[in-house]
Structure formats: structure tokens, C-alpha cells
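Quick note: numbers below take in every heavy atom, side chains included, and nothing from hydrogens, waters or symmetry partners. To find a chain, count down the sequence lines: A is the first, B the second, and so on, and within it residues start at 1.
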There are 2 protein chains.
Amino acid sequence: MTTQARTRAATINDVARVAGVSRAAVSKVLRDAYGVSDAMREKVNAAIDELGYRPRVSARGMRGATFTIGIELPNLDNPFFSDLVSGATSRLLGEPYQLIVAPASPANAEGERAIQALTDRQVDGVIAISPEVEQSWLEDVAAAVPLVMLGRHDDTREYDTVVGDDAAGTRLVLEHLLGLGHRRIAHLTLPESVTVERPNTTHGVREAAYRRIMADAGLAGEIRVVNVEPDPETVYAATRDLIDGPDRPTAVFAAHDELALTVLRAVADAGPAGGDVSVVGYDDTWIARHPLISLTSVNQSGQHMGGRAIDLLLDRVAGRKHPVHEVVAPRLLVRESSRAPTA
Amino acid sequence: MTTQARTRAATINDVARVAGVSRAAVSKVLRDAYGVSDAMREKVNAAIDELGYRPRVSARGMRGATFTIGIELPNLDNPFFSDLVSGATSRLLGEPYQLIVAPASPANAEGERAIQALTDRQVDGVIAISPEVEQSWLEDVAAAVPLVMLGRHDDTREYDTVVGDDAAGTRLVLEHLLGLGHRRIAHLTLPESVTVERPNTTHGVREAAYRRIMADAGLAGEIRVVNVEPDPETVYAATRDLIDGPDRPTAVFAAHDELALTVLRAVADAGPAGGDVSVVGYDDTWIARHPLISLTSVNQSGQHMGGRAIDLLLDRVAGRKHPVHEVVAPRLLVRESSRAPTA
DNA sequence: TGACTGTTGTAGATCAGTCTACAAGTGGGT
DNA sequence: ACCCACTTGTAGACTGATCTACAACAGTCA
């Protein structure tokens with residue numbers, strides 16, 4: 001009893017033969033197309049069940065649709081991205097589309113490669129979160145397949161966007177901290193290659209808003225932006241530098257929760273010697289709500305954004321031509337990680 | 001300047017025409033097949049670059065390979081699954097294969113549907129984590145495409161498995177707790193449909209080991225298994241019932257970290273009135289290591305398991321016929337969430 | 001009765017690749 | 001000069017679906 005050779009699965013021709021109809025007829029039943037009598041539908045479905053037939057998506061993709069929607073994510077570690085996927089998945093329940101996730105290798109900026117991997121696979125639509133990719137490149141992609149970008153404030157006619165109101169969210173954070181009495185508020189965010197050089201990304205907008213609001217509050221001299229690669233070691237070291245250095249900030253506004261968690265870790269490890277440092281995140285991921293973490297954060301409902309991205313994409317697939325740029329309102333959730341500075 | 005119609009991308013015929021060679025020749029270059037002169041390779045590659053040509057994976061899938069490996073996951077919320085994916089992704093760097101993730105809708109047990117979605121797409125190999133799926137069904141899948149299952153102790157010749165030594169891991173946990181002086185140790189785990197009814201799954205093995213080890217320690221009377229659906233609300237409520245009920249356990253062994261976090265939350269919310277309850281998890285996810293969480297947990301290196309799964313799958317793709325069942329040794333990481341019971 | 005319309009099913013082209021079989025060219029050995 | 005083996009390139013079948021065009025038939029109405 002050894003492992004058999006790969007079994008040859010049933011094809012549409014087998015179904016046609018068993019049902020005693022033409023291949024085209026089976027195809028019509030499969031696609032629920034016009035011109036099928038009840039009697040035929042029944043015969044065909046019986047044959048499909050009998051053979052355990054499943055259409056090959058590759059073959060379908062040659063002419064028609066693949067009924068596949070691809071979503072590109074920078075990584076799977078950030079719980080906010082899981083929220084997006086879970087929102088997309090639930091919105092897709094009942095639709096004939098399957099969602100597949102292409103994680104961009106966490107190594108170097110592989111967003112382009114991952115998006116291309118999806119279009120190579122003839123997906124019917126793409127959702128992506130690539131801050132580092134050029135708008136013009138995305139417009140080329142959008143010429144070939146419907147595209148919805150998350151977390152980009154791009155002004156374009158070629159694809160749709162779903163994005164939080166990052167300026168408003170940043171304002172919520174800073175007004176909260178300023179209201180508590182903080183003055184030395186640092187902003188820890190991604191490298192300048194995705195903030196300064198990409199002013200249309202979430203993190204670009206957040207950093208710019210931080211600078212503007214601080215200046216407007218008469219705190220131009222206190223502006224302190226720490227741009228770091230988002231791997232935990234680097235973030236940890238940068239935070240320790242902040243804490244141990246001169247002019248220790250009384251509050252750190254981290255550009256997203258995953259960063260904020262590492263900041264919290266560094267602060268906790270520093271102990272009382274590190275002083276009292278408030279920490280605020282962004283995204284309100286589930287872990288921020290945990291009572292042992294209790295991280296103040298801005299909610300922009302990843303679930304909702306993921307669902308809306310699907311809505312827009314399905315619209316595009318259905319033929320919509322004009323662009324839609326949707327902005328999600330942020331909400332501040334105040335928790336224990338932020339409090340008035342001591343003295 | 002309105003949105004254009006979808007542009008028609010270059011095909012292999014276009015490349016052949018521009019390069020002045022046959023379609024078959026281009027195909028050879030693409031596949032790096034035998035019988036290509038340097039001169040031709042150069043001409044073809046130049047044409048490919050000029051046209052920005054990318055082969056359609058759908059068309060390739062009709063006869064050859066899709067260079068795609070699919071991984072099915074129950075959900076993306078559990079950070080352990082992210083570890084698996086990230087391990088798989090890094091192992092795949094440099095290989096010509098693209099990884100795509102098919103999340104089984106978090107709703108009802110959709111593992112079968114997600115795995116089928118992958119095979120429908122002609123992936124060259126499948127990695128999956130479906131505890132609730134029948135072994136015989138998986139053997140049918142494995143007859144059509146190389147398959148590696150994670151977290152299953154199945155004894156089968158048809159597919160490979162990568163799994164932690166769950167009995168040993170459970171023993172580490174219980175010896176640790178017993179050594180600290182705990183006697184009333186409860187086990188919080190998934191519903192009986194994936195433990196009792198599926199004794200070959202991680203959680204089935206862990207529950208059985210818990211029962212055996214408790215009995216061997218003369219604590220048969222203290223055995224207390226709480227089987228719950230893994231959504232946070234249910235887990236939270238079940239934990240509160242444990243804490244608030246009679247015979248409050250002094251320790252809770254949660255079947256995985258995600259459950260343990262919710263248990264920690266319920267314990268924290270209960271406050272001092274809830275008594276001193278130690279909590280132990282399983283998987284040693286990154287959040288368990290956070291100093292504010294500091295959850296004692298069993299490490300079985302998701303990164304490593306994901307990487308090994310890819311190794312085995314590539315072996316299978318390369319032609320290996322005999323099964324490999326790989327067992328990963330567990331390691332206990334003791335942290336602050338577990339301590340001696342108070343009196 | 002004949003023309004017209006609408007429904008139901010089929011034939012056959014088509015999609016973009018891979019793969020097999022083979023022809024043509026090259027070089028060496030005897 | 002002839003045979004043989006090897007290298008390089010091509011022709012054309014093939015994959016499993018969808019999609020267009022059309023034939024056959026039934027029913028309606030003048």
C-alpha cells in the first residue's frame with residue numbers, strides 16, 4: 001500500500017459526459033448564466049456531485065474571472081492588519097469571492113513584488129497597503145485590475161482609497177496630551193523614507209500633523225521626531241535613548257500600536273529610574289485594550305476599513321469608473337498609559 | 001482624461017515576436033529549461049524587459065506549475081499563526097515560490113473550504129492547520145497535491161506533519177505548577193469537538209496529557225477541564241465562572257497564549273477579590289514576553305515550524321514519496337504570571 | 001400558414017502558457 | 001566521407017475552462 005500517483009481530478013468534460021450534455025451547458029450552470037432549463041441544471045448538478053467536480057480556477061482565469069481577491073500586507077505581526085483582513089473576510093461572506101493574503105516579505109520593502117505576485121495570479125481585484133510604492137506605479141497596476149489602497153491619502157482617479165483621518169487623529173492625541181499638561185512630547189515613527197519622502201501615507205500625514213500642531217501650540221522648540229526601522233530591537237534601543245538621554249520627554253506618541261508596545265516595554269524595563277513617561281499609540285488594536293497593557297490609542301476601526309475596501313473593490317469589479325476616496329473618522333480611547341506628567 | 005479601458009498586457013507571443021524567436025523558445029528561457037544558447041537568452045530577456053512582460057500564472061497552471069504555495073490558517077488574530085507564516089516566508093526567500101495565505105473565515109469551521117480554495121487555484125503545495133478536518137479527507141487532498149499539516153499527530157503515509165511534542169510540553173507546564181505547590185489546576189481549552197473527538201490534534205493531546213499527569217500525581221479529583229469556544233467573550237465568562245465559583249483553582253493552564261491572555265484579563269479585572277491565580281499559556285508568542293504581560297508559556301518556535309513545513313513541502317514537490325512526521329521539542333519559559341499559590 | 005420572438009442547447013474558437021517530438025546544424029572519431 | 005551524438009530551435013498538440021454565434025424548437029399573433 002504505497003502512495004499512489006497523483007489522481008486525475010474530474011474536468012468539465014467528464015461532467016458533461018456523465019450528465020449527457022455539452023461542455024458549454026455545464027459551463028452555463030457553473031456560471032449561473034442565461035439559457036439553462038431546470039431539468040438541465042438538475043442533471044448537471046447531479047453529475048457534479050457524483051464526480052466531486054470542482055472547476056479549476058487557473059482554467060477559468062484564462063478567459064473569465066478567478067473569483068479571487070488578493071490583499072497585500074507588509075506583514076502579519078501587526079494586529080491592525082489582522083483586523084483589516086478579518087473585516088474584509090466577513091464582508092466577503094456570501095460573495096463568491098475568495099480572499100487570499102500575500103504577505104510582503106518582512107525583509108526589505110517587498111510591496112511591489114507581492115502586489116505583482118497577486119496580479120500575476122489574475123486576481124479580480126487587489127487591496128494593498130504599500131506605503132513605499134510610487135503612486136504612478138500603482139496607477140499602472142490599476143489600469144490592469146481594480147485596486148483599493150489602504151492608508152494612503154493619494155489623490156488619483158485610477159484607484160480608490162480607504163484611509164483614516166490621520167491629521168484629525170493626531171490632533172486628538174496631542175490635544176489630549178497637551179490638556180494633561182505635557183510639553184515635551186516626542187513622536188516615534190517609521191523612517192523618513194515613508195514619512196517625509198511620502199507625505200501622502202498615514203505616517204507621513206501623522207508626522208506632519210504632529211509638527212504643525214506642536215508649532216501651533218507654541219512648542220516648536222519641543223518638536224522631536226524619532227524615525228526608526230520598525231523592528232523591535234531598533235525601536236527598543238531608540239526608546240531607551242530617549243529615556244536615558246537629556247531632556248527626557250514626558251510623553252511619547254508612537255505612530256502605531258505595535259511601536260507603542262515596544263515603547264511600553266522599554267519604559268517598563270527602565271523602571272522607576274526611567275521616570276514617568278506617558279505612551280500613546282494608534283490603531284486601538286485588541287492588545288491595547290488589555291488591562292495589563294491599557295494603552296491609550298486612536299481607533300479607526302480596522303474591521304470597518306477592511307470591509308469598506310471590499311465594498312469599493314466589488315463596486316469597481318461591477319464596473320464603477322470614477323474614484324472614491326473614503327476617510328474614516330478617528331476616535332481617541334484614553335487608557336492608563338497616558339496621564340498627567342509628574343511635576 | 002478619464003480612466004482608460006483595461007490595458008492589454010504583453011503575452012509570450014509578443015515577446016517571441018519582438019525577440020524574433022518562437023514562443024517555445026521564450027518558454028524555455030522563462031523556465032530555465034535545457035537547450036537555450038546564450039545569444040537567445042539575451043535576446044529574449046531584452047524583449048521581456050522592453051515589454052515589461054510577466055507570465056500569467058493561470059496559463060502556466062494549465063500545464064505546468066504555478067510556483068505558489070498556499071497556507072491555510074484558522075485566523076490571523078492568533079500571533080502564533082503569524083510566527084508560522086513569517087517562518088515560512090523567510091524560508092522561501094530565494095525560492096521561486098510565492099506564499100499565499102487563505103484565512104478560514106473565523107465564523108464556522110471553514111478549514112475545508114479554505115483548503116479547497118487553495119487546491120482549486122492549482123497551488124503546488126499546501127500547508128494547513130485544520131484541527132477539525134477528517135484525516136481521510138486530508139488524505140484525498142494529499143493525493144492531488146503535496147500537503148503538510150501543522151499541529152496534528154496523525155499517523156498517515158499520505159502527508160507530512162510538523163507538530164510540537166504536546167505531551168512533553170504539557171508535562172513541563174504541570175511539573176512546573178505542581179513544583180510550585182499548586183494542586184487545583186484547571187485546564188482551559190477548545191471545545192470537546194477538537195479535543196476529545198480529535199485526539200490527534202495539539203489540543204486533544206494536551207487535554208489528554210493534562211488528565212493523565214494530574215491523575216498520576218494523585219490529583220484525579222482535582223481534574224477540571226473547561227471546554228469553550230475560543231471567542232474572547234466566552235473565554236472571559238468561563239474564566240470569571242472559575243474565579244467566582246466554588247473551589248477556585250489556584251492556577252489555570254490555558255491551551256494557548258491567545259486564550260491565556262483573555263484569562264489574564266479576566267483575572268486582572270477580578271482584582272484582589274479574585275484571589276491569586278497563576279496563568280500559563282502555550283506557544284510563547286511575542287506578547288507573552290512583554291514585561292507588562294509576562295506570561296509563563298511553552299515555546300515550540302512557530303518560526304521554526306513554519307520553516308520546516310516549507311522544507312518538507314519542497315521535498316515533496318521535488319518528488320519525495322515517503323512520509324515525514326517531525327516533532328518539535330518544547331521549552332518552558334517561566335515568567336511572572338506563574339508563582340507559588342498563596343497559602 | 002408564415003413570420004416573428006424567445007428559449008434552450010451546442011459547436012468551435014479562444015485564452016496564454018507548457019511540453020513532446022523532431023528537424024537542422026555542428027563537431028568528432030574512424 | 002560517413003556515422004553518430006549533441007546542441008539548439010521550432011511546430012503544433014494540449015491544458016480546462018469561457019464565450020460567441022448560431023441552430024433547433026416552441027409559442028404567439030396576424
Problem set entry | Nucleotide interval of DNA chain C bounded by contacts with chain B (heavy-atom cut-off, under 4.0 Å) |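 Using the under 4.0 Å cut-off, the span is C:dA16 to C:dC19.
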Can you measure [X] atom [atom1] to [N] atom [atom2] for me and round it to whole angstrom units?
{"X": "A:Arg56", "N": "D:dC14", "atom1": "CZ", "atom2": "P", "answer": "18 Å"}
{"X": "A:Gln122", "N": "D:dG16", "atom1": "CD", "atom2": "C1'", "answer": "15 Å"}
{"X": "B:Lys28", "N": "D:dT8", "atom1": "NZ", "atom2": "P", "answer": "9 Å"}
{"X": "A:Arg31", "N": "D:dT18", "atom1": "CZ", "atom2": "P", "answer": "5 Å"}
{"X": "B:Asp38", "N": "D:dT7", "atom1": "CG", "atom2": "C1'", "answer": "12 Å"}
{"X": "B:Arg60", "N": "D:dG16", "atom1": "CZ", "atom2": "P", "answer": "18 Å"}

Within the structure shown, what part of the strands sits under 4.0 Å from [X] by heavy-atom distance: base, sugar-phosphate, or nothing?
{"X": "A:Ser27", "result": "base"}
{"X": "B:Val26", "result": "nothing"}
{"X": "A:Val57", "result": "nothing"}
{"X": "B:Val21", "result": "sugar-phosphate"}

For this session: Indicate whether OP1 or OP2 belonging to D:dC14 is found under 4.0 Å from a side-chain N or O atom of B:Arg63.
Result: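 Indeed not, no polar side-chain atom of B:Arg63 lies that close.
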Problem set entry | Any B:Tyr34 side-chain N or O less than 4.0 Å from OP1/OP2 of D:dT8 | no
For this session: Would you kindly compare A:Ala39 and A:Arg23 by the position of their nearest DNA chain C nucleotide and give the one closer to the 5′ end?
Result: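 Looking at DNA chain C, the more 5' nearest nucleotide goes with A:Ala39.
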Exercise. Salt-bridged, A:Asp160 to A:Arg308, with N to O below 4.0 Å?
Worked result: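 Looking at A:Arg308 together with A:Asp160, the answer is no, because their closest N to O distance does not fall below 4.0 Å.
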For this session: For A:Glu326, look at atom CD and say whether over 12 heavy atoms of other residues, nucleotides or ligands are found less than 6.0 Å away.
Result: yes
Exercise. More than 12 heavy atoms of other residues, nucleotides or ligands under 6.0 Å from CG of A:Asp231: is that the case?
Worked result: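 Correct, the count exceeds 12.
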For the residue pair [X] and [Y], confirm or rule out a side-chain donor-acceptor distance under 3.5 Å.
{"X": "A:Arg31", "Y": "A:Ser27", "answer": "yes"}
{"X": "B:Ser193", "Y": "B:Glu132", "answer": "no"}
{"X": "B:Gln98", "Y": "A:Arg113", "answer": "yes"}

Exercise. Is there a side-chain contact between A:Tyr53 and A:Leu30, using heavy atoms and a 4.5 Å cut-off?
Worked result: yes
